[in-house]
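Reviewing the structure listed below.
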Amino acid sequence: MFEIQEFTYPMQPRRNGEVFWLYTGGRFLLSPSSQIQVGLDWYVDRANDAAFRNNSLGLTLGYFKDWSWGLSAGLTARLASIEYDGIQPLFGEYRNDDFNTYSASVSKRDWRVFEFIPMITVSVFDNRSSIDFYSFNRTQVLFSFTRRL
C-alpha cells in the first residue's frame, strides 16, 4: 500500500508539506481459526520546517483467533521509531521518538446488523520522546461495526 498526501496548515505554513506512507505485509493462516499479521511501514513527513520533518519505520505484529460461541479476538502491536530532521527550537536539541501502539479487540461474529458485526477495541498509545515534553501515554476504547467476509 502506498499513500501520498499534501498538508496545508493556513495558520502554520512551516508545517506545510507532503507526506509519504508505504506499507507492506500480510496475514498468514496458522489454522482455519487463527492467523498472524506481520507488516513493515515507512512514513516520511516533508514539512517545510526541519523541526517538523520526520522519518518513521514501523513494525506491526498481530495474532487473531476465532473462538467458539461466535467470539473473535485479536492482539496487535505496532512498534515505530521516529527521527526528526531539525532541532526543536524551544528545546535546542533534536527529537527522536519511540511510538508504540498496543491493541486488543473482541467481536461477536454471529451478531449482525446489516451484515456488520460489533467490535470493541482497546488501544494504548505510548510515545517515549527524547524530549520529555513530547512523551505521552493514552488509552482509547472504540466501539465499532466491521464487516467480515
Side-chain angles (χ1 to χ4, degrees), residues 1-49 51-85 88 95-149:
M1 182 182 295
F2 182 67
E3 184 177 311
I4 301 174
Q5 295 182 8
E6 173 76 29
F7 284 97
T8 303
Y9 298 88
M11 302 299 287
Q12 298 179 348
R14 298 177 325 157
R15 299 219 40 207
N16 293 350
E18 300 86 21
V19 170
F20 304 92
W21 181 66
L22 177 66
Y23 174 84
T24 186
R27 290 189 178 197
F28 306 94
L29 291 176
L30 298 175
S31 72
S33 64
S34 66
Q35 56 186 289
I36 59 170
Q37 175 186 6
V38 178
L40 290 171
D41 66 86
W42 179 46
Y43 178 89
V44 178
D45 185 329
R46 300 285 39 146
N48 291 335
D49 187 332
F52 296 109
R53 270 196 307 265
N54 66 77
N55 291 285
S56 168
L57 284 175
L59 169 67
T60 300
L61 301 171
Y63 177 73
F64 306 91
K65 176 130 176 94
D66 290 337
W67 300 91
S68 53
W69 308 294
L71 291 175
S72 295
L75 298 171
T76 308
R78 179 179 181 270
L79 312 172
S81 178
I82 306 168
E83 294 181 357
Y84 289 81
D85 291 354
Q88 298 294 308
R95 176 181 169 192
N96 296 303
D97 294 358
D98 288 325
F99 184 61
N100 302 322
T101 305
Y102 309 98
S103 297
S105 62
V106 176
S107 61
K108 186 79 168 113
R109 63 184 183 277
D110 56 356
W111 290 355
R112 296 193 182 277
V113 178
F114 301 109
E115 295 301 316
F116 291 87
I117 60 174
M119 181 185 309
I120 295 176
T121 304
V122 177
S123 298
V124 174
F125 303 93
D126 181 28
N127 192 68
R128 296 174 190 223
S129 181
S130 60
I131 301 173
D132 285 340
F133 180 80
Y134 296 108
S135 294
F136 65 88
N137 195 314
R138 177 176 58 225
T139 301
Q140 176 187 58
V141 178
L142 180 66
F143 178 75
S144 61
F145 287 89
T146 188
R147 186 158 184 208
R148 276 192 65 168
L149 301 174

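Residue numbers count from 1 along this sequence.
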Minimum heavy-atom separation for [X] and [Y], please, with both atom names.
X    : Y    : value
G74  : F64  : CA-CD2, 3.6 Å
W111 : I117 : O-CG2, 3.2 Å
Y134 : N127 : O-ND2, 3.0 Å
A80  : N100 : N-OD1, 3.4 Å
A51  : Y84  : O-CD2, 3.5 Å
W67  : R109 : O-NH2, 2.7 Å

query: Looking at residues at least two apart in the chain, or sitting in another chain, which of them share a side chain to side chain contact (heavy atoms under 4.5 Å, CB included) with D126?
result: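 Testing D126 for side chain to side chain contact (heavy atoms under 4.5 Å, CB included), a comparison that skips the adjacent residues, returns R128, N137.
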
[X] vs [Y] side-chain heavy atoms within contact, under 4.5 Å:
X   : Y   : answer
L40 : L59 : yes
L30 : Q35 : no
V19 : F7  : yes
I82 : Y43 : no

- prompt: Does a donor on one side chain and an acceptor on the other come within less than 3.5 Å for S129 and D97?
  reply: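 Side-chain D/A pair, S129 to D97: present.
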
task: Check whether the side chains of T121 and S105 place a donor and an acceptor atom closer than 3.5 Å, and report yes or no.
output: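 No - no donor-acceptor pair under 3.5 Å links their side chains.
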
Working to the nearest 0.5 angstrom, can you tell me the gap between [X] [atom1] and [Y] [atom2]?
X    : Y    : atom1 : atom2 : result
K65  : L71  : NZ    : CG    : 12.0 Å
D41  : S56  : CG    : OG    : 6.0 Å
Q140 : R138 : CD    : CZ    : 7.5 Å
R14  : D49  : CZ    : CG    : 4.5 Å
L75  : Q37  : CG    : CD    : 11.5 Å
L61  : Y102 : CG    : OH    : 10.5 Å

Is [X] atom [atom1] crowded by more than 12 heavy atoms from other residues, nucleotides or ligands, each under 6.0 Å away?
X    : atom1 : value
I120 : CD1   : no
F2   : CZ    : yes
W21  : CH2   : yes
R27  : CZ    : yes

- prompt: Under the 3.5 angstrom rule, does the side chain of R53 hit a backbone N or O of A47 as a donor-acceptor pair?
  reply: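 Such a contact is found between R53 side chain and A47 backbone.
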
field: N96 backbone acceptor or donor facing S130 side chain under 3.5 Å
entry: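 Answer holds: yes.
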
Salt bridge (charged side-chain N to carboxylate O under 4.0 Å, His left out) partners for R46, two or more places apart: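 With sequence neighbours excluded, R46 shows a salt bridge (charged side-chain N to carboxylate O under 4.0 Å, His left out) to D85, given in chain and number order.
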
task: List in chain and number order the residues that pass salt bridge (charged side-chain N to carboxylate O under 4.0 Å, His left out) with D110, two or more places apart in sequence or in another chain; answer none if no residue qualifies.
output: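 Result, salt bridge (charged side-chain N to carboxylate O under 4.0 Å, His left out) vs D110: K108.
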
- prompt: Relative to the ring of F99, is the ring of F136 parallel (under 30°), tilted (30 to 60°) or perpendicular (over 60°)?
  reply: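 Taking F99 first and then F136, their aromatic rings sit tilted (interplane angle of 30° to 60°).
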
message: Checking side chain to side chain donor-acceptor pair (under 3.5 Å) between D66 and each of S33, S107, S72, which is the one that passes?
response: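 Testing D66 for a side chain to side chain donor-acceptor pair (under 3.5 Å) against S33, S107, S72 leaves exactly one candidate, S72.
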
